[in-house]
Amino acid sequence: MKIFSGIQPSGDLTIGNYIGAIQQWVEMHKDPSIDEQLYCIVDMHAITVTQDPKELRQKSREIAAIYIACGIDPEKATLFIQSHVPAHAELAWILNCTARIGWMNRMTQFKDKAGKNKENVSLGLYAYPSLMAADILLYDTTHVPVGDDQKQHVELARDIAQKFNHDYASDIFTIPAPVLRKEGARIMSLRDGTKKMSKSDPVDATRINLLDDADSITQKIKKAKTDSEPMPAKLEDLKDRPEVKNLVQIYASCADISMQDVLDKYAGANFGTFKPALAEVVVAKIAPIGEKVKELLADPAYLDDILERGAKKAESIAKVKLAEVYDAVGFIPRKG
Ligand code: TYM
């Protein structure tokens, strides 16, 4: 099994990114059937919307620190910055020529992000799923651990890989599969249980940031939207209570127990009891990450060294795949 995943260095990472993605990656460290794990900081994806260059640089290092602080071991996984490995951009171009406009038009994230502003967003935002396909396909990735919102993009990567293999009568690309958590693949806003928690939401109170301190985590949970019923006993009873379901999900992920376990513990309780208990488990999980990130960021040379080693390793794999692709499409290799 070969694993690839990534996060954009834009905005502040949330507990949604942690639960949906990073927590899965950390768990994968324990799986002996995994041969290769690559975790990327996808700065080229980030510039599909306007970024402040200074902030982008700072966020890219911050994400590396977050990966490590969350428990990703740079000795077990390759951590690198997307723009350090030019093969990502180069393969993305080829895949732009394989992907069909009709496929791109079905991408719900583009529709959501572009909204009414469709004519005025960047071409990069529209083409972004084929860059993501390049990320995945360069490394013979078999499994892509992501949150629910990225599932469609991984499925598109499958379609692109299949079409390319078919068009060029080759088996150059491995067909990847998305891996989603059974519980927690879609963490919702603290203020609206029907909306995904997002690092790009302008309202900070809608999310728990991975770098929030204990006080703000507790305050945000205290003010999180709920309803007036007590906590239910059965999972089915959460069906029409999206905000409560979300809080139960967050509790379960942070305490490493199932949602049913949470209900067994709190059935019949009111939110005056549940919310402080939730804040406690979230703080216990999240606050140490912030502390560790601070320590890591104080030593940028250490991070840069890990990222350099990661880029070298990633590049050595990506170069070979790109050469096979160039050959298959009919590009003449350079003499030198
Ligand atoms: P990004 O940066 O938006 O999010 C990073 C990861 O976090 C997951 N996630 C969530 N999971 C559960 N609940 C949420 N509320 C939540 N919000 C975000 C995302 O699903 C994702 O797994 N295009 C990707 C980055 C990317 C990538 C890749 C991922 C680029 N190339 C190749 C996998 C493989 C993105 O923008 O994720």
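Just so you know, ligand 1 is whichever comes first in the structure, and atom 1 is the first atom listed for that ligand.
- Residue-level proximity to ligand 1 for I136 is carried by the side chain, the only part with a heavy atom below 4.0 angstrom.
- For atom 18 (C) of ligand 1, the closest non-hydrogen atom of the protein is N17 ND2, 3.1 Å.
- Here the protein heavy atom with the shortest distance to atom 31 (N) of ligand 1 is D135 OD2, 2.6 Å.
- For a threshold of 3.5 Å applied to N or O pairs, the pair formed by Q109 and ligand 1 contains no separation below that value.
- Below 3.5 Å of separation, one finds an N or O of M197 facing an N or O of ligand 1.
- Proximity of S5 to ligand 1, defined as any heavy-atom pair under 4.0 Å, is shared by backbone and side chain alike.
- In terms of protein heavy atoms, atom 23 (N) of ligand 1 is closest to Y128 OH, 2.5 Å.
- The shortest heavy-atom contact between Y39 and Q37 is OH-NE2, 2.5 Å.
- Considering only non-hydrogen protein atoms, atom 37 (O) of ligand 1 sits nearest to Q150 NE2, 3.7 Å.
- The aromatic rings of F164 and Y168 sit tilted, their planes meeting at an angle between 30° and 60°.
- Using a 4.0 Å cut-off between heavy atoms, V146 contacts ligand 1 through both its backbone and its side chain.
- For a threshold of 3.5 Å applied to N or O pairs, the pair formed by G16 and ligand 1 contains at least one separation below that value.
- With S130 as the fixed residue, the side-chain hydrogen bond (donor to acceptor under 3.5 Å, both in side chains) test singles out one of D135, N96, T98: N96.
- Here is the list of ligand 1 atoms found below 4.0 Å of a heavy atom in A185: 11 (N), 12 (C), 13 (N).
- Closest protein heavy atom to atom 22 (O) of ligand 1: G147 N, 3.1 Å.
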Does the pair H88 and Y139 meet the rule for a ring pair (Phe, Tyr, Trp, His ring centres under 6.0 Å), with working shown?
-> CA-CA 10 Å; H88 289 247; Y139 301 96; 5.6 Å; yes

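- For the residue pair Q219 and D215, no side-chain donor N or O sits within less than 3.5 Å of a side-chain acceptor on the partner.
- In this structure, Y266 and L278 have side chains that are not in contact, with every pair of non-hydrogen atoms separated by 4.5 Å or more.
- Rounding to the nearest 0.5 Å gives a distance of 11.5 Å between CD of E155 and CZ of R106.
- Between L38 and K2 there is no side-chain heavy-atom pair separated by less than 4.5 Å.
- Remark: ligand 1 atoms within the under-4.0 Å shell around heavy atoms of A21 are 6 (C), 7 (O), 22 (O).
- Within 6.0 Å of the NZ atom in K275, the count of heavy atoms belonging to other residues, nucleotides or ligands exceeds 12.
- Heavy-atom neighbours of K199 NZ from other residues, nucleotides or ligands within 6.0 Å: above the threshold of 12.
- Of the protein's non-hydrogen atoms, D149 OD1, 2.5 Å is the one closest to atom 20 (O) of ligand 1.
- Ligand 1 lies nowhere less than 4.0 angstrom from a heavy atom belonging to H153.
- If you look at I187 next to ligand 1, the close heavy atoms, those under 4.0 Å, come from the backbone and the side chain alike.
- The closest side-chain donor-acceptor pair between Y126 and N105 falls under 3.5 angstrom.
- Those atoms of ligand 1 with a heavy atom of K196 less than 4.0 angstrom away are 15 (N).
- The shortest N or O to N or O distance between V42 and ligand 1 is not under 3.5 Å.
- Listed by atom number, the atoms of ligand 1 under 4.0 Å from H45 heavy atoms are 30 (C), 31 (N).
- Ligand 1 has K199 within reach: a non-hydrogen atom of the residue lies less than 4.0 Å from it.
- Residue D148 has no N or O atom closer than 3.5 Å to an N or O atom of ligand 1.
- Among all protein heavy atoms, the one lying closest to atom 25 (C) of ligand 1 is G6 O, 3.5 Å.
- Residue V144 approaches ligand 1 through these ligand atoms, each under 4.0 Å from one of its heavy atoms: 33 (C), 34 (C).
- Interface atoms of ligand 1 facing Q8, defined by a heavy-atom separation under 4.0 Å, are 2 (O), 35 (C), 36 (O).
- When only non-hydrogen protein atoms are considered, atom 28 (C) of ligand 1 lies nearest to M132 CG, 3.5 Å.
- One N or O on the side chain of N17 and one on the backbone of T14 form a donor-acceptor pair closer than 3.5 Å.
- Between Q51 and R57, the closest side-chain pair of non-hydrogen atoms is not below 4.5 Å.
- No side-chain donor from either of S253 and Q23 sits under 3.5 Å from a side-chain acceptor of the other.
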